[in-house]
Amino acid sequence: MHWSDVVAQRLSERGSKHIVSTGITPSGEFHIGHLREILTGDMISKAARKAGLDAEFVFIVDSADPLRKVYAFLDDSYSKYIGHQLKKIPPPDANGCPDMQRFAMGVSYADHFLEPFKKALEQIDVHPRFIDNFDAYASGQFAETSQIACNNADKIREIIERVSGRELSPDWFPWNPIDSNGSIDGIRVTGWDNPIVSWIDSEGNEGQSDVTKGEGKLPWRIDWPAKWAWIGVTMEPFGKDHGAAGGSYDTGKEIVVLFAQQAPVDLTYEWISLRGQGAMSSSSGNTIGPLEALSLVPPEILRYLVASTKPNKAIEFDTGMGLVNLADEFERTTSRDFSIELEKEGLSRRQLVAIEDAKTALELSLISPREETSSVTFRHLAMLAQTKSKDEDVWKSLGIDGSIPQSMVDRLNRMRTWVHSNHFPEELRIAILEQPSSEAMAQMSEENVRLLPELIKSLRLSNWEAASIQTSISSTAKTLDLSPRHAYRALYLCLMGTERGPRLPPILPELDQETILNLLDACLQIKQES
RNA sequence: GGGCCUGUAGCUCAGUCAGGUAGAGCGUCGGGCUUUUAACCCGAUGGUCGCGGGUUCGAACCCCGUCGGGCCCGCCA
């Protein structure tokens, strides 16, 4: 059974109405790691609906969280905003400086980072109900839970200290008021008289905060279960950081009982890292944003990556050859006929499970029905994108005429972007040698050598366009009673230094005939000398 | 110190919850393909399941130990 169906089954054991929740703090650039959170939630919701449950998918934007520190991409002038809520501070401009102009137009720090992510979600076909946490506080959604938390400060303290094993300071209180400057740092609660919290800030200013009006926020470990309570969350996937023993899920599970609610079904997922570069980290700039990823990879494939990997498995996102293999695997999967495979007799349990999982992973990945014409492998398209500068030549080569499906246009555009990026693997890059490679020459077989002079002759006479070159190559081979295979191998060794290569006939016309012939002559000379 | 995840074919992984003669894809090798030659089709190759014990008629799977990798326990998906 696919992992999403396993979760759906757990949900069905608890009831028929569900709210699957995810949440992210918009403290910096979003990256593909965040996509796992949201895709996991999306897929669980879909599986739940498939199982006949009533499931809603929500995405909480933690815009009430404070700025923790001046991140590497921010100007030092942000230091004055540390401790201020992300919804209440200006967005950074291109230099990382506070952009007061946009801020005046209503764009907050949180909005700045959230907007591109929302666009990525559109592309990847995820449509959650967005909940802005700051607004939720302001509109009183947290009023009841905040009051309960403050009334039960001792119980909550006991839970956190016991479960997480950390000691809370004597003046700890389950409410972070906002001080006279707008910060929730360095402030001390001095009294609680429902619904008013009295406080004194680091500068000695005193004030009062009404917990029912969002004049502050609950600390994270309480904020989370409070959200479960007021939204009615019954399922939430979260990163392994929250899932550790004594982590926020463990404390939340007990705290939520005070709010007369049951903790949601949980699912801990592993992180996504960049291949060879370790974990995704905004501060080191070691990230790939969802939009950047989507400029290279079709959304279906990003979905497939998450759908086909069990949540507890770490994903290494590889923008090079790994991507090619993933994309080609996806392509093969789309062309499988699962109904036939499943009817086959004598399938072992394992085989059956593997087929079902692949089928479900594919269903969860598809955004729109695939058109027949789109079954071109990544490799093949990579080659076409490199050898044909005009789109129409690509369509011609693929045998698509008439109207070109939009999905194909998108794929080709992405491929061109990828080819021109530094992510594109050298292995797939088409490069003609400038000098004969002695290493490759040593690999020339007797047939290859025999063919070479004839090939040169024939190519010199050809019209230097695809069809003519094709004929030259195969007829030369036939004349010598050899398979065209040998002719191609000879050419690949001479021109590219490899035993195999992409289809030559469409590529050669893009190159200068004399240059190619000179190179071949040089190769021939080497073989004749030896 | 406490805890979580992970180690299976050259590579990426499935199989571990419900123990029953090691699986898939990629790669590699061989063949086919008179022309989508990095495509496609057919075939083959390939693993003492990290290591050591235990339970069992039988262990990749359960139990104990051990080694290696990643991570969490202040914030981070």
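Quick note on labels: first sequence line is chain A, next is B, and so on, each numbered from 1.
Taking the six-membered ring for Trp and the full ring otherwise, the centers of A:W220 and A:H242 sit less than 6.0 Å from each other. Ring to ring, A:W224 and A:F238 are close: their centroids are under 6.0 angstrom apart.
Going from atom CG of A:L114 over to atom CZ of A:F59 covers 6.0 Å, rounded to the nearest 0.5 Å. We find the CZ-OG distance between A:R129 and A:S21 to be 9.5 Å, quoted to the nearest 0.5 Å. In this structure, CG in A:D179 is found 9.5 Å from CD1 in A:I184, a value given to the nearest 0.5 Å.
Using a 4.0 Å heavy-atom distance criterion, A:T268 is classed as making no nucleic acid contact. Using a 4.0 Å heavy-atom cutoff across all strands shown, A:R68 reaches sugar-phosphate atoms only and no base atom. Counting non-hydrogen atoms under 4.0 angstrom, A:S164 reaches the backbone sugars and phosphates but no base. Among the heavy atoms of the strands lying under 4.0 Å from A:Y492 are primed sugar atoms or P, OP1, OP2 only; no base atom is included.
Whole-Å rounding puts the A:R485 CZ to B:rU37 C1' distance at 10 Å. The distance between atom NZ of A:K313 and atom C1' of B:rG15, rounded to the nearest whole Å, is 11 Å. B:rU37 atom P lies 17 Å from atom CZ of A:R489, rounded to whole Å. The distance between atom CG of A:N312 and atom C1' of B:rC71, rounded to the nearest whole Å, is 13 Å. Summarising the geometry, the separation between NE2 on A:H2 and P on B:rA14 is reported as 12 Å, rounded to the nearest angstrom. Atom NZ of A:K240 and atom C1' of B:rC73 are 13 Å apart (whole Å). As rounded to whole Å, 11 Å separates atom C1' of B:rG69 from atom CD of A:E316. Between A:W224 atom CH2 and B:rC75 atom C1' the separation is 14 Å, expressed in whole Å.
Using a 4.0 Å cut-off between charged nitrogen and carboxylate oxygen, A:K253 and A:D266 do not count as a salt-bridge pair. Salt-bridge formation is not detected for the pair A:D62/A:K217: no Lys NZ or Arg NE/NH1/NH2 atom is positioned less than 4.0 Å from an Asp or Glu carboxylate oxygen. The pair A:E363-A:K359 meets the salt-bridge criterion, since a charged nitrogen lies less than 4.0 angstrom from a carboxylate oxygen.
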Between N or O atoms, less than 3.5 Å apart, protein on one side and nucleotides 40-42 of chain B on the other: list the pairs.
none

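The gap from the P atom of B:rA60 to that of B:rG25 amounts to 23 Å, rounded to the nearest Å. Comparing the C1' positions of B:rU12 and B:rG74 gives an interatomic distance of 36 Å, to the nearest angstrom. When the C1' atom is used for both B:rA22 and B:rU8, the distance is 9 Å, rounded to whole Å. As rounded to the nearest Å, B:rC29 and B:rG50 have P atoms that lie 28 Å from one another.
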Practice task
Take A:R162 and A:D250 through the test salt bridge (charged side-chain N to carboxylate O under 4.0 Å, His left out) and record every step on the way to the result.
Solution key: CA-CA 11 Å; A:R162 171 172 47 79; A:D250 274 0; over 6 Å; no
Practice task
Under 3.5 Å for both distances, Watson-Crick or G-U wobble, that's the pair rule; now give the dot-bracket for RNA chain B, with | marking pairs to another strand and [ ] for crossing ones.
Solution key: ((((((((.[[[[.)....(..]]]].(((((.......))))).....[[[[[..)....]]]]])))))))....
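Candidate nucleotides B:rA77, B:rC5, B:rU37 were compared by shortest atom distance to the side chain of A:P484, and B:rU37 ranks first. Across B:rU37, B:rC76, B:rC75, the shortest atom-to-atom separation from the side chain of A:H242 is found for B:rC76. Here B:rC5 is the nucleotide among B:rC5, B:rA77, B:rG15 with the atom lying nearest to any side-chain atom of A:E270.
Taking the nucleotide of RNA chain B with the nearest heavy atom to each of A:L504 and A:I315, the more 5' of the two is matched to A:I315.
In this model, no donor atom of one side chain and acceptor atom of the other lie less than 3.5 Å apart for A:Y249 and A:E236.
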